Structures are given as C-alpha cells and as structure tokens.
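Here the structure is laid out as structure tokens; the discussion comes afterwards.
Worth knowing before you read on, the calculation uses all heavy atoms, side chains too, and leaves out hydrogens, waters and symmetry mates. Just so you know, these numbers come straight off a predicted model, no measurement behind them. We number each residue from 1, following the sequence as shown.
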Amino acid sequence: MRARKVTDKVMWVGSVDWDRQLFDELIPLPDGTSYNAYVVAGSEKTALIDTVDPTKTGEWCGLLDAMQLSKVDYLVASHAEQDHAGSIPFALERYPDAKLVCTPKAKGLLMDLLHVDEGRFVVVEDGETLSLGDLTLEFIHAPWVHWPETMLTYLREQKVLFPCDLFGSHLATSDLFVSDPARVYRAAKRYYAEIMMPFKSNIVKHLERLSGYDIQMIAPSHGPLHDNPQFIMDMYRDWVSGPLANKVVIPYVSMHGSTQVIVDRLIASLAEQGVRVVPHKLSGGDTGRLAMELVDAATVVLGTPTVLAGPHPLVAYAAILANALRPRVMFASIVGSYGWGGKAVEQLLALVPNLKVELFDPVLFKGLPSEADLKAIDELAGQIAEKHRGAGLV
Ligand code: FEO
C-alpha cells in the first residue's frame, strides 16, 4: 500500500496484513489485520506515530521511500507490543535525529524488548504536550489498553485521537475509513472480546476521561479509521457496561453422543422459555466466535464428557479462556456425562476463579441419559429462564 491522506496534516503510513491468520499464536484472525502508523506534519516538526509489525518492515521501508519522508523529529511509541513497535529499531536507524516519545513504563519495555539505546528516549508524563509548530500532540496515559505502558495521542488542532489498540479491529481492508459499519461492528466486537474485554474496568475510566475531549476522528492502530467516532465509542460503552442479553452460551464437546443429547435438550428447553441459546461446539470451533458471544451473555453452561477422570481438554481450554477474558456473565452451570465416575465438575470450577457467577447445580449423567433423566435439564433451563426474568433480561 502507498501512504494515504487522512487530513491535510496527517498521513496513514501503515501496512495491511491480508494473510495473517493468527495473533500471538492464539487469536484467530479470519479477516487479517492492519498495522496503522501515521505521520503528523507540523509547520516545524514532524512526528511519526507508531511503526508496523517486524514482518512488514521491508514493505514499510518501500512506502516511506515512495512518499519521500526524509525527516522525522519524533517517533511516538504508543505501545511496546511488536505489531506496533517491532519496526522501531529500523525507524530509529533510518531517522537518526528522531527522538522516541513514550511513557516511562514503555521506555523500560522498549529497552528490554528491542534494546533501544537510552539516549534516544523522550519520556512524557500523562497530559504532557509536544509542539510541532502549528500542531500540538497531547499524550494521555491509558494503562491496560492493551499493556500497562499504553498511551493515546490527541492531535488538538485537528481533534484526532490516535488510541493505538483501543477502538481497533482486526480487519484487513482497502477502506481507509469505515464504509461498511456492519462488517466493522463484527470485527471490532471480536477484537474487543479477544483483546480488550479483560480490561473493561480500565476502559470505563478511559471512556469517561475521553468524554472531556472534542474528538472528531479516531485513528486506531488496527482496522479502518472512524470519521464517526460516536459509532465505536457507543459500541464500547455498550460492551463494557450496557445491559446483558437474555442469552445462554453453551461451549461443549460430545465424544460419543451423550453430551450432545443433553445440549440438544437444553437448547430446546431454553428456546421454549424464550431464552436465546448459542451452542458452540469446541471441536473445530472458532474460539474468537466464542469470545464474541461471551461479551453480552448472561449465562454460560459448559458441556463436557468425562475423559480420564476430568473434563474434556477442549472444555478445560474454554474454561481457562473464559476465566482469562473475564466476561460479565452472571450465571453458570455444567452439564455432561461420565462412564464410571470422575471429577470433571471440580476440575472445571477450579479453572474459573475470575468468573463471579451464581452457579446452578451441575447436571451430569452416567452414560446416555434417558427421557426421565432429561427432566433435570428441563429444570435447569427453567431455573436459568427464571433468573434471567428476575434480572430484567427478558
Ligand atoms: Fe496491537 Fe497490543 O498490540
């Protein structure tokens, strides 16, 4: 890609990663991603905000050559993770007079991770400003979106916010700005679920602080830019503190059909009682989709057969993931089957200490459940529906 005009003073100088399928060797990227970097050209000084993933340094060099960006005074490092900071060593070599601007925490991390020379840094405190002549950059420390060193940059005169990971989406697109809101909504929700959800209490505070700024444009470090900032900010408000849905998510595995019978019965009973159900088969399933469904689910029910006296490993993985992502789920239970005993329930509960939920009694059957056995599943569905009604979700 070539450099693209964002405003009369700001250029996009990033890289679109059409083919990337996995982030952190963990997070599925069905739509690829992008690493957005920006040049802010003031009347006296020029700032480069972030770089690109190290796998894209060569391509990025070509873009900088083509736009003939010969001088950079400040390189702003919003975040030390490789997808934004990985090409900093290249940029510092290319622009030997550039100072690296970051938070005190980022300085330590960049020295640890990239061995950046200490003499290159200009450390900025929260609220500090940097003049580029006719333009002013204001730095807003924003810990935990995504790491503790993260910083947002606000371009005062043009009312543009550069929030790095916050408000991003893993979406490779030739659109510079959002042009398909429904597609961006899905991508941004997946991104929020996988990356930002564990930090929702920090995001509440950041949103409150940002409400004091006049923001006309949001230029994140992943995905298309927002010339209607309200769109993404309203979504975030909803995800971090909006009402939960009258919805039950059922991550499950069935090895020989018994757990499938149980899950099918639970789906039917809940649907009959007006509760929306999202079953998520973990064998071959997309964990990103599961994470998205957990953003606003009121209840999660894990479904597992018993394997070597414990839960199926894929269900254990789903429990670990849910525990790490910390969704706002209010209620939970476990259903499943066993052949001759085991400790699937105890082991699963030990994996989710972060989930502050009200637990319905787990329902596990020996072998294939009979029609009479399945009444217990109907009862569980009734309890869930009642709790949802009591919470005002119906
Ligand atoms: Fe896009 Fe936390 O890096």
Task: Residue pairs involving residues 257-271 (criterion salt bridge (charged side-chain N to carboxylate O under 4.0 Å, His left out); sequence neighbours excluded) - done: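 Residue pairs passing salt bridge (charged side-chain N to carboxylate O under 4.0 Å, His left out), neighbours aside: R265-E371, R265-D378.
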Task: Residue from L266, V261, V363 passing side chain to side chain contact (heavy atoms under 4.5 Å, CB included) with L374 - done: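 Among L266, V261, V363, the one meeting side chain to side chain contact (heavy atoms under 4.5 Å, CB included) with L374 is V261.
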Tell me whether [Y] is reachable from [X] by hopping between hydrophobic residues (I, L, V, M, F, W, Y) whose side-chain heavy atoms are closer than 4.5 Å.
X    : Y    : answer
V204 : M196 : yes
M330 : V300 : no
F90  : V101 : yes
F199 : V295 : no
L48  : L135 : yes

What are the two closest non-hydrogen atoms of [X] and [Y], and how far apart are they?
X    : Y    : answer
W147 : L109 : CE3-CD1, 4.2 Å
A3   : M67  : CB-SD, 3.8 Å
Q82  : P54  : O-CD, 3.3 Å
Y95  : L69  : OH-O, 2.7 Å
S333 : P362 : OG-CA, 3.8 Å

Taking the side chain as C-beta and beyond, is there a heavy-atom pair between [X] and [Y] under 4.5 Å?
X    : Y    : value
F121 : P104 : no
D50  : C164 : yes
T153 : I140 : no
M111 : R120 : no
V301 : I384 : yes
F177 : M217 : yes
L110 : E149 : no
K189 : S169 : no

[X] side chain to [Y] main-chain N or O, any donor-acceptor pair under 3.5 Å?
X    : Y    : answer
T304 : G336 : no
S87  : T51  : no
D126 : H141 : yes
T306 : S337 : yes
W60  : V13  : yes
H222 : A188 : no

Open item on the list: I'd like to check the side-chain hydrogen bond (donor to acceptor under 3.5 Å, both in side chains) partners of S70; sequence neighbours left out, ordered by chain and number.
Closed with: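 Partners of S70 under the side-chain hydrogen bond (donor to acceptor under 3.5 Å, both in side chains) test: none.
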Lys/Arg-Asp/Glu bridge criterion (N-O < 4.0 Å) met for [X], [Y]:
X    : Y    : answer
E118 : K107 : yes
D83  : R20  : no
R190 : D31  : no

Task: D175/R183 under salt bridge (Lys or Arg N to Asp or Glu O under 4.0 Å): CA gap, chis, key distance, verdict - done: CA-CA 12 Å; D175 296 338; R183 187 173 184 222; 5.9 Å; no
Hey, what do you get for [atom1] ([X]) to [atom2] ([Y]), rounding to the nearest 0.5 Å?
X    : Y    : atom1 : atom2 : result
I267 : I262 : CD1   : CD1   : 12.0 Å
H312 : L302 : NE2   : CG    : 13.5 Å
D227 : T7   : CG    : OG1   : 12.5 Å
Q230 : I218 : CD    : CD1   : 8.5 Å
L225 : S34  : CG    : OG    : 8.5 Å
M292 : Y192 : CE    : OH    : 12.5 Å

TODO: Might you work through the side chain to side chain contact (heavy atoms under 4.5 Å, CB included) test for V76 and Y38, ending with a clear yes or no?
DONE: CA-CA 10 Å; V76 177; Y38 302 93; over 6 Å; no
Open item on the list: Assess the residue pair K5 and M11 against the criterion (side chain to side chain contact (heavy atoms under 4.5 Å, CB included)); give the C-alpha distance rounded to whole Å, side-chain angles, the decisive distance to 0.1 Å, and a yes or no.
Closed with: CA-CA 5 Å; K5 182 178 172 180; M11 295 289 286; 4.0 Å; yes
Task: Q383 and D361 side chains, donor-acceptor separation under 3.5 Å - done: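 Result is no, nothing qualifies.
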Open item on the list: Going by side chain to side chain donor-acceptor pair (under 3.5 Å), H84 matches just one of N36, D165, T150. Which one?
Closed with: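 It is D165, the one option of N36, D165, T150 that forms the side chain to side chain donor-acceptor pair (under 3.5 Å) with H84.
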TODO: Please check if the distance between the ring centroids of Y185 and W239 is under 6.0 Å.
DONE: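 They qualify: ring centres under 6.0 Å apart.
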Task: Test of ring centre spacing under 6.0 Å for F167 and H226 - done: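 No; H226 has its ring centre 6.0 Å or more from that of F167.
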Open item on the list: With side chain to side chain contact (heavy atoms under 4.5 Å, CB included) as the criterion, how do L210 and Y236 come out once you've worked through the C-alpha distance, each side chain's angles and the decisive distance to 0.1 Å?
Closed with: CA-CA 12 Å; L210 291 175; Y236 264 71; over 6 Å; no
- [ ] Just say parallel, tilted or perpendicular for the rings of H170 and F23, cut-offs at 30° and 60°.
- [x]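 Correct class here is tilted.
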Open item on the list: Tell me which one of Y213, F139, F162 satisfies ring pair (Phe, Tyr, Trp, His ring centres under 6.0 Å) with Y154.
Closed with: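 Of all the options given, the one that passes is Y213.
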- [ ] Please list all pairs passing the ring pair (Phe, Tyr, Trp, His ring centres under 6.0 Å) test where one or both residues lie in residues 349-369, with sequence neighbours left out.
- [x]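 Qualifying pairs: F331-F360.
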Only distances under 3.5 Å count here; give the side-chain donor-acceptor pairs of residues 271-284 to other protein atoms, sequence neighbours excluded, each with its distance to 0.1 Å.
unit_1, atom_1, unit_2, atom_2, d
H280, ND1, R289, NH1, 2.6
H280, NE2, D286, O, 3.4

Open item on the list: Run the ring-ring contact (aromatic ring centres under 6.0 Å, His included) test against Y317 and tell me which residues pass, sequence neighbours left out.
Closed with: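 Y317 satisfies ring-ring contact (aromatic ring centres under 6.0 Å, His included) with no other residue.
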Can you give me every donor-acceptor pair (side chain of residues 340-358, partner residue at least two apart or in another chain, under 3.5 Å) with its distance?
unit_1, atom_1, unit_2, atom_2, d
N354, ND2, N323, O, 3.0
K356, NZ, P353, O, 2.8
E358, OE2, K387, NZ, 2.8

- [ ] Verify side chain to side chain contact (heavy atoms under 4.5 Å, CB included) between V249 and T299, making sure each step is shown before the conclusion.
- [x] CA-CA 6 Å; V249 177; T299 298; over 6 Å; no
Is [X] atom [atom1] crowded by more than 12 heavy atoms from other residues, nucleotides or ligands, each under 6.0 Å away?
X    : atom1 : answer
L26  : CG    : yes
K105 : NZ    : no
E386 : CD    : no

